[in-house]
Amino acid sequence: MTDAIRTELERVAAGFGADGLEFVLERPRDAGHGDLATNLAMLLARRDRTNPREMAARVIGELRFSPTVVSRTEVAGPGFINIWLAENQLTGAIAEILERGKSYGRTAAAGSLKVNLEFVSANPTGPLHVGHGRGAALGDAIASLYEWTGHTVTREFYINDAGVQVDRLAASLWARIKQEAGLQADIPEGGYHGEYLRENARQVLASEGSGFARLPDDEGLRRSRALGIRMQREEQDRDLADFGVRFDVMSSEQAIYDAGRVEHAIALLGERGLTYEAEGALWLRTTQFGDDKDRVLRKSDGSLTYLVPDIAYHIDKHDRGFDRAIDVWGADHHGYIPRMRAVLVALGYAPDFFGVELVQLVKVLREGEEVKMSKRSGEFVTLHNLVNEVGVDAARYFFLARKGASPLDFDVELAKKQTDENPVFYVQMAHARLSGIFRTAERDPDAVEGELDLAALPAPQDSELLKTLVTFPEAVARAAREREPHRITVFLHELATVVHGWYHHTRAVGAPEGPDTERARLLLARAARTVLANGLTLLGITTPDRM
RNA sequence: GCGCCUGUAGCUCAACUGGAUAGAGCACCGGCCUUCUAAGCCGGUGGUUGCAGGUUCGAGCCCUGCCAGGCGCGCCA
């Protein structure tokens with residue numbers, strides 16, 4: 001809706017010799033400041049060191065808006081240009097919601113990108129915990145935001161099935177198997193002590209036979225490794241599926257080794273002159289590309305550092321033709337970003353090819369007390385338990401209610417509450433109430449059609465709702481641009497507030513203002529229900545019709 | 001010691017790439033059910049945006065220096 005206005009402002013800006021100037025066109029907080037406002041004139045005045053209000057007047061003099069688009073403009077405050085839309089703009093915007101339905105809010109990107117979004121990527125050494133859940137919710141929502149703005153997304157999970165961690169898993173499981181069979185064995189240093197491995201051990205003995213525990217250590221370890229990875233992977237996949245997260249591609253570190261891509265990566269870096277030998281090790285010159293020290297690729301004992309398969313993996317993503325590789329990482333890995341970026345820049349990839357979204361820790365609170373997590377001892381809050389307790393909708397909403405970089409307090413009691421204190425219920429309730437209107441009217445909401453008659457919507461709550469609805473596509477676009485899904489939860493909460501106020505103060509079915517108003521309010525209710533549903537669906541949250 | 005993140009109402013957080021009078025929820029106080037879901041609505045109390053400077057028409061946002069918290073700084077992953 002604002003495209004035509006932006007285009008005209010850009011034309012005038014170009015006339016002032018400010019082609020491509022990045023000005024803001026936004027909906028002011030204060031309704032008295034118009035439907036839209038721009039700081040264009042203030043930016044021009046700054047450039048020319050002239051009076052911003054005079055510049056605003058000159059800009060307005062150059063603007064040629066159709067009266068069917070803009071009804072009025074004014075200079076305001078320090079030099080803002082406030083713009084009032086023609087009424088039929090709002091009618092048209094609502095018509096667009098009704099027409100586009102489930103796809104309202106989707107926009108086509110100027111240049112459609114092929115995006116790889118890697119998230120969760122947990123070691124296959126134990127159950128997913130709440131931190132993984134936050135990463136899963138965030139990654140999935142960012143992926144959806146890219147899709148909603150016209151890009152193609154591959155959701156990808158990287159399985160670290162080749163490193164030291166899975167060696168420890170194998171040794172730990174092997175020890176548990178022996179223990180379950182009544183033999184003497186200890187969990188090794190740095191191993192996994194969780195109860196889940198005892199259970200896995202019993203499963204192995206049940207399926208493979210009790211003789212399994214008496215295999216020679218090398219064979220027992222080898223087979224424990226494969227079985228352990230498989231069992232952990234299956235459990236993780238089940239937890240993710242229960243959480244509503246689906247991956248397009250599961251990549252395996254081992255497979256990258258097996259395909260020779262790791263050695264290939266070292267060779268490639270060598271060819272580019274990016275490596276050197278020193279102190280018996282092979283080093284990578286990451287300092288030339290923004291890292292604060294060079295990094296070892298091959299240790300003096302001949303083994304590779306974990307950096308190498310990660311490099312190979314990111315080269316692989318590039319080779320698969322992605323324009324963007326976005327990784328969702330735990331915040332404790334942030335020190336790792338400069339070296340990975342340095343490598344990819346060194347290889348000549350575009351600077352914005354690689355991006356990282358950091359996820360801060362989740363603190364789980366129960367009755368005001370922190371539930372402590374310790375992976376080493378195996379006592380931690382699993383995603384599975386959390387979802388069982390509070391449900392997928394609440395878990396997703398809570399994980400997405402804050403930007404990823406902020407630490408999150410997850411109040412289990414609040415998430416379970418079925419009252420308006422709980423934001424997810426508050427938002428879903430708005431949707432359910434709108435659905436209730438159509439039950440009362442005995443109408444299928446999608447069958448309510450016709451042109452919206454603004455004159456039949458006299459209540460201030462009517463116009464507030466109208467104006468809130470049409471900002472949804474911009475909210476989506478911005479959330480996508482910033483990779484910040486929390487902007488959608490903020491929008492949804494605001495919209496829900498407006499819906500509840502509208503619902504309370506006005507009546508659709510049997511509207512006292514008459515049948516024209518009833519017709520218009522049913523259309524408005526349908527549009528509001530659509531937008532709420534689209535926002536919730538984007539975040540992977542259900543849209544109940546009754547609660 | 002160095003780097004990254006964070007610091008906004010009693011608590012949890014927003015704030016549209018530097019805009020107009022910093023906003024929500026919870027908590028607290030006071031109202032509202034003959035009404036499509038009171039699982040809701042309306043109003044009120046509550047702020048030196050950690051501190052001190054700087055940049056400019058304008059700073060919660062940018063710069064500098066402090067303070068506090070978290071994370072990281074390995075030929076571990």
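Just so it is clear: chains get the letters A, B, ... in the order the sequence lines come, proteins before strands, and each one is counted from 1.
Residue A/Asn39 has its side chain nearest to B/G19 when only B/A77, B/G19, B/G25 are considered. Which of B/C41, B/A20, B/A77 sits closest to the side chain of A/His504 comes down to B/C41. Ranking B/C76, B/C42, B/U17 by closeness to the A/Lys299 side chain, first place goes to B/C76. Residue A/Ala37 places its side chain closer to B/A20 than to any other of B/G19, B/A20, B/C41. Considering only side-chain atoms of A/Ala281, the nucleotide from B/C36, B/C75, B/C42 that sits closest is B/C75. Among B/A14, B/C42, B/C36, the nucleotide with an atom closest to any side-chain atom of A/Val490 is B/A14. Taking only side-chain atoms of A/His486, from C-beta outward, the nucleotide of B/A14, B/U37, B/A77 with the closest atom is B/A14. The nucleotide whose nearest atom lies closest to any side-chain atom of A/His334 is, among B/G72, B/C36, B/A77, B/G72. Taking only side-chain atoms of A/Val24, from C-beta outward, the nucleotide of B/C36, B/U17, B/C75 with the closest atom is B/U17. With B/A77, B/A14, B/C75 as the candidates, the nucleotide lying closest to the side chain of A/Trp283 is B/C75.
For A/Tyr426 and B/C41, the shortest distance from a side-chain N or O to OP1 or OP2 is below 4.0 Å. Considering only side-chain N and O atoms, A/Arg433 lies under 4.0 angstrom from the phosphate OP1 or OP2 of B/A38. Side-chain N/O atoms of A/Arg53 include none lying less than 4.0 angstrom from OP1 or OP2 on B/C57.
Checking B/C62 for Watson-Crick or G-U wobble geometry (two distances, each under 3.5 Å) identifies B/G54 as its partner. B/G3: Watson-Crick or G-U partner is B/C71, with both key distances under 3.5 Å. For B/A14, there is no paired nucleotide, since no Watson-Crick or G-U wobble pair has both relevant distances below 3.5 Å. Of the nucleotides present, B/C29 is the one that pairs with B/G43 by Watson-Crick or G-U wobble criteria, both distances under 3.5 Å.
Distance CD (A/Gln360) to P (B/U6): 9 Å, rounded to an integer number of Å. Across the protein-nucleic acid pair, A/Asp292 atom CG and B/C2 atom P stand 13 Å apart, rounded to whole Å. We find that CG of A/Leu495 is positioned 21 Å from P of B/G23, with the value rounded to whole Å. Distance, A/Phe80 CZ to B/C57 C1': 11 Å, rounded to whole Å. Atom CZ in A/Arg439 sits roughly 12 Å away from atom P in B/C36 (whole-Å rounding). Residue A/Leu492 contributes atom CG, which lies 16 Å from atom P of B/G25 at whole-angstrom precision. Look at CG on A/Leu365: it is 15 Å from P on B/C11, rounded to the nearest Å. Separating the NZ atom of A/Lys293 from the P atom of B/G74 is a distance of 5 Å, rounded to the nearest angstrom.
For the side-chain contact (heavy atoms from CB on, under 4.5 Å) with A/Asn160, the qualifying choice from A/Val166, A/Asn123, A/Thr125 is A/Asn123, the only one to do so.
The base of B/G72 has none of its N or O atoms less than 3.5 Å from a complementary donor or acceptor on the side chain of A/His333. A/Arg46 contributes no side-chain N or O that forms a donor-acceptor pair with the base of B/U56 under 3.5 Å. Interface remark: the A/Thr305 side chain does not form any donor-acceptor pair with the B/C75 base, using a distance-only criterion of under 3.5 Å. Under 3.5 Å, the side chain of A/Asp332 and the base of B/A77 form no donor-acceptor pair of N or O atoms.
Among all heavy-atom pairs drawn from A/Ala415 and A/Phe410, the shortest one is CB-CE2, 3.8 Å.
Cation-pi geometry between A/Arg47 and A/Phe16 is not met at under 6.0 angstrom from the ring centre and within 45 degrees of the axis. Taking the ring axis of A/Phe157 as reference, the NZ or CZ atom of A/Arg233 stays within 45° of it and closer than 6.0 Å to the ring centre.
Under 4.0 Å is where a charged nitrogen must lie from a carboxylate oxygen, and between A/Arg285 and A/Asp294 no such pair does. Salt bridge A/Glu518/A/Arg521: absent, no basic N to carboxylate O contact under 4.0 Å.
Using a distance-only test at 3.5 Å, with no hydrogens or angles considered, no donor-acceptor pair links the side chain of A/Arg443 to the main chain of A/Pro445.
For B/C73, the base is anti relative to its sugar; the glycosidic angle deviates from 0 by more than 90°.
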